[in-house]
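Since we're looking at a predicted model, the values are computed, not measured. First listed ligand is number 1; within each ligand, the first listed atom is number 1.
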Amino acid sequence: MKIGIVLYPTFGGSGVMATELGLGLAEKGHEVHFITYQEPARLNVFSPNIYYHEVSVPQYPLFEYPPYETALASTLVNVVKHKKLDILHVHYAIPHASSAYLAQQMLKAENIHIPFITTLHGTDITLVGKDSSYRSVVTFSINQSNAITAVSENLKLETYKFFDVHKEIEVIHNFVDLERFKKNDLTDFKKQIAPKGEKIITHVSNFRPVKRIQDVVHAFAKIQERVPAKLLMVGDGPDRQLAEELCRKLGTCKHTRFLGKQEKMEDIFNISDLFILPSTYESFGLAALEAMACGVPVISTNTGGLPEINLNGSTGFLTEIGDIETMSEKSIYLLGNDKVLNEFKENAMEHAKKFSLKDILPKYESLYLNVINNK
Ligand code: GMT
């Protein structure tokens, strides 16, 4: 098949997942065309089956807001027409679904029929999409999609709850590449970060308010009083400054490293003993799954799709939003007892296998075929 993948190219979960999906499809022999405004962060391989088309948005003094949707729709029309694509798969509804719909209608006028699938990722529904400025276009373009998928059962329910969607939403869970995210002995690297055998706690996100990264810093301060530990904060975003200030205030800076955005996440997970994700909402929590695949238990909130991947009392613990006390208690319980910690590490790794790229990818392939055959 010839597949066009529309995505956000940054380190966000939806872009990471869409890139990994495209790489996996290309490896299976499909021709994959990534279409976005910047080279996707994880697209660092050369393959004869992979193409990248940059959407360029010309500036003009009149444009306070350059019309990206228009530029994207025009690029989609060109790529579909000249590369003879069979299907478009757009990740994150805003504005990708409405641009795909516009491109589809324009191509129809030329007798070219291109179906598109919209994958809902999270904040496109739960945060941004609900905003009245976007709502009607988001609802319309989701309903116009030839197929709709959501990355968790919870996100499917949220979509039906808040949008007037009258089509079937198929849940296809996010996945992890188990060849890349697997247990690996990096003892020497670990010693550089934790020279006295301290436990390593990791958090990865885009440091937006929904991630509640200050809770990680607060919890770490409490954990540190009981278990010698180091904290790795990976990522960047608007709340980084606040978290760094809090860490100075609580006196935990010498045990904390803010690493910024990182590419070799598998190495960081492989030296980690615990992953903390205290978000207000996560449709899925892809970083938590990648951590689990490397044998890292997760302390997360009991929200959104997180209970679908993090099993309370087995792969980690689920806590209420903002309950720093329980978060740190559960962390101390795990980090203070190597036997229990190793059991949880094992469970996390085993459970992650249920979300293997190899098993999930065929679900997308058969959806593509269904949609293409019914267009
Ligand atoms: O807000 C983010 O975390 C970024 C966002 C994105 O679209 O890049 O992530 C969402 O999609 C990811 C991939 O499907 C999910 O793993 C995240 O849970 C989801 N984020 C939220 O729901 C807040």
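- When the salt bridge (Lys or Arg N to Asp or Glu O under 4.0 Å) test is applied to E244, the partners found at least two apart in sequence or on another chain are R240.
- Atoms of ligand 1 lying under 4.0 Å from at least one heavy atom of L286, given by number and element, are 16 (O).
- Between L178 and V176, some side-chain heavy-atom pair lies under the 4.5 Å cut-off.
- Taking distance alone, with nitrogen or oxygen atoms compared against 3.5 Å, G285 approaches ligand 1 more closely than that limit.
- Below 4.0 Å from some heavy atom of N174 lie the following atoms of ligand 1, by number and element: 13 (C), 14 (O), 16 (O).
- Of the N or O atoms in G15, none lie within a sub-3.5 Å distance of an N or O in ligand 1.
- The N/O atoms of G122, backbone and side chain alike, include none that comes under 3.5 Å of an N/O atom in ligand 1.
- In terms of modelled atom types and a separation under 3.5 Å, the side chain of N337 and the main chain of V340 share a donor-acceptor contact.
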Q.
Show, in sequence, the C-alpha distance, side-chain angles and deciding distance for T326 and F317, and conclude whether the side chain to side chain contact (heavy atoms under 4.5 Å, CB included) test is met.
A. CA-CA 9 Å; T326 311; F317 287 102; over 6 Å; no
(Q) Before you tell me yes or no, could you show the steps for D338 and K345 under salt bridge (charged side-chain N to carboxylate O under 4.0 Å, His left out), namely the whole-Å CA-CA distance, both residues' side-chain angles and the distance that decides it to 0.1 Å? (A) CA-CA 10 Å; D338 277 345; K345 285 185 173 185; over 6 Å; no
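- Contacts classified as side-chain hydrogen bond (donor to acceptor under 3.5 Å, both in side chains) and involving residues 186-195 (residues at least two apart or in different chains) are given here: D185-T187, K190-D273.
- Residue K211 touches ligand 1 through its side chain alone, judged by heavy-atom distances below 4.0 Å.
- Looking only at side-chain heavy atoms (C-beta outward), Y51 and F34 stay at 4.5 Å or farther from each other.
- The proximity of N206 to ligand 1, defined as any non-hydrogen pair under 4.0 Å, is limited to the side chain.
- Checked by atom type and distance alone, the side chain of K167 pairs as donor or acceptor with a backbone atom of N143 at under 3.5 Å.
- Proximity to Y281 (heavy-atom distance under 4.0 Å) selects the following atoms of ligand 1: 22 (O), 23 (C).
- Within the listing of ligand 1, atoms 7 (O) sit less than 4.0 angstrom from a heavy atom of Y92.
- When the heavy-atom distances from atom 10 (C) of ligand 1 to H91, E290, H121 are ranked, the shortest goes to H121.
- When only interatomic distances are considered, the shortest N/O to N/O separation between S283 and ligand 1 falls below 3.5 Å.
- With S279, A150, G13 as candidates, the residue nearest to atom 9 (O) of ligand 1 on a non-hydrogen basis is G13.
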